[in-house]
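Report on the structure given below.
Whatever order the structure lists them in is the order used to number ligands and atoms, beginning at 1.
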Amino acid sequence: MKIKLYNTFTRKKEVFKPLKSDYVRLYDCGPTVYWYAHIGNMWRYLVSDFLRRTLKYNGYKVKQVMNITDVGHLTEDDLAADTGTDRMEIAAKREKKTPKQIADFYTKAFFKDTQRLNILRPHVVPIATEHIKEMIELIKKLEKKSYAYWAGDKYFVYDISKFKDYGKLSGKKLADLRSGARLEAVPGKKNPFDFALWIKDPKHLMHWDSPWGVGYPGWHLECSAMSMKYLGPSLDIHTGGEDNIFPHHENEIAQSEAANKKRFVRFWLHVRHNLVEGAKMSKSKGNVYLIQDLVDKGYDPLAFRYLCLTVHYRKNLNFTWKSLESGQKALNKLRQQVGEWKPGKKGVSEFEKRFLEAINHDLDMPRALAVVWDLVKSKYPESEKKASLLKFDQVLGLDLSGYRPAKPTKKVKELVKKREKLRKDEKWQEADKVRKQVKKLGWQVEDTAKGPKLKPVS
Ligand SMILES: [Zn+2]
């Protein structure tokens, strides 16, 4: 069955086909490892995971590469201006560690979180500081082809006016960029959006020798250099957050296509950013949550994964504690159902077809989840339903097969006994109080002919 993906480049849904038969070259812009990744970052990486799993589900071989940025990264506002403060340096000073120690620590933390969310680890995770040589080679190529010049004596920059297709991804026009720039231009830049390839700065905490003096590479460079090294000059799919479209991805295209004279990326996939309680996440609002914050409140990290499955990636994910709670309940219920049913080999083809249609339609995970619940409620034999649901879990990643039915604690059992006694004594009000207590502990008491039965709260 065909996979359709929304391509930012053409602004429409297109049938996806890899360049080389059944082999997909997938590249994701990875994290800058100077701090913990928050739930918004994770939402973006979850979508990449849904994509990779969907491709695999369709029988494709996937090679996924994701970079780790551990060098010379500027704060977002300063990115295009190439000025400002380096976040790795700030972190190193703050924590009294070397940039390498900072990078190692937060890279580890990042993968701990992705693992908790069942995000498959990319096949190759190149680290920027280990690829300075490749970046220098790329700059040399661009210099040789006259795409680079010195802006003052510190910045060796890319000349966007030389790349005639500049702006083709974001739809921005060169003339508008020149006149409409609100950025404080670096003296000597022809266009304020000409971006640094190399920054000469021997005092920078991390620096390397290069033909352009001792310094460090520009941020945009690493994705071009590393994707080329591990995936070749043309990628099938490149993902990122919507804020990466300009200037980062535009600059990646400019560098890569100028160097290789080949189309860099065929499908650009961008994830909308997320909100928290309807508002933008910001440190000042105190609503920047980490996966650990969810765990500390007693949630399963996969409840967050479930929540992310309920929203299409081209819509804003609005995180609320209430929605996370619903996600947790739904996940519990689903696992319980699957866990209680007897296993079987044969699935329900009607539903498997519908599920595939949903995920192949621009990763419509909300629709896929609806298919899941329709199947759960359907009249098919339980073993068949279970077989299909476990198959779907290859994409959903909700760990449905690892489920062990929850067991009520000693305390819960004691309370149920107490309630039984109160009921026998016809102390209804007190019995009801105990029932509520039991519910708070996650269990529902159902009175049957054979006595009370416990069910996890759903
Ligand atoms: Zn990138």
Side-chain angles (χ1 to χ4, degrees), residues 7-9 25-34 37 40-45 47-49 51-52 63-80 82 86-88 103 106-107 110 114 122-132 134-135 138-139 142 158 160 163 166-170 172 193 195-199 216-260 263-273 313:
N7 190 351
T8 308
F9 187 69
R25 281 169 269 224
L26 170 64
Y27 185 86
D28 306 305
C29 285
T32 305
V33 283
Y34 67 101
N41 301 131
M42 286 303 158
W43 148 241
R44 175 249 171 290
Y45 294 112
V47 173
S48 277
D49 190 62
L51 172 66
R52 171 174 163 183
K63 184 172 177 187
Q64 185 186 22
V65 178
M66 187 188 76
N67 66 305
I68 298 283
T69 301
D70 60 345
V71 58
H73 190 20
L74 309 170
T75 50
E76 232 120 271
D77 292 339
D78 300 323
L79 266 180
D82 292 327
D86 183 313
R87 292 196 278 199
M88 290 301 294
Y106 290 110
T107 303
F110 175 77
T114 55
H123 303 94
V124 189
V125 183
I127 294 166
T129 50
E130 293 171 7
H131 293 78
I132 302 295
E134 285 80 356
M135 294 187 223
L138 178 56
I139 305 174
L142 295 171
Y158 185 101
I160 59 171
F163 185 68
Y166 194 81
K168 66 177 174 180
L169 177 69
S170 58
K172 292 193 191 289
F193 286 93
F195 56 92
L197 297 168
W198 192 263
I199 300 126
Y216 61 100
W219 172 51
H220 308 295
L221 204 65
E222 63 180 82
C223 288
S224 291
M226 300 199 286
S227 65
M228 244 176 248
K229 176 169 181 181
Y230 296 101
L231 296 167
S234 291
L235 314 176
D236 290 302
I237 310 174
H238 191 315
T239 79
E242 61 175 339
D243 53 335
N244 287 146
I245 298 175
F246 187 86
H248 183 49
H249 289 160
E250 201 69 75
N251 293 351
E252 278 188 35
I253 295 175
Q255 295 164 150
S256 308
E257 298 194 354
N260 297 323
R263 185 167 169 188
F264 175 43
V265 171
R266 299 174 51 251
F267 279 77
W268 285 97
L269 191 137
H270 290 102
V271 183
R272 288 290 292 272
H273 65 78
Y313 77 92

Closer than 2.8 Å to the Zn ion (ligand 1): does that hold for any N, O or S atom in C223? yes
Yes or no on side-chain contact (heavy atoms from CB on, under 4.5 Å) for D28 and V65, after CA distance, side-chain angles and deciding distance? CA-CA 6 Å; D28 306 305; V65 178; over 6 Å; no
Output yes if H220 passes the N/O/S-under-2.8 Å test against the Zn ion (ligand 1); output no otherwise. no
Is any N, O or S atom of C29 under 2.8 Å away from the Zn ion (ligand 1)? yes
Between E257 and K168, is the closest basic N to carboxylate O distance under 4.0 Å? yes
Of all the atoms in E252, is at least one N, O or S atom closer to the Zn ion (ligand 1) than 2.8 Å? yes
Testing F246, F193, F195 one by one against H220 for a ring pair (Phe, Tyr, Trp, His ring centres under 6.0 Å), which residue passes? F195
Kindly assign one of parallel, tilted or perpendicular to the pair F163 and Y166, based on the angle between their ring planes and the thresholds 30° and 60°. perpendicular
Nearest to the Zn ion (ligand 1), which N, O or S atom of H248 do we find? NE2
Taking the ring of W43 and the ring of H273, is the distance between their centroids below 6.0 Å? no
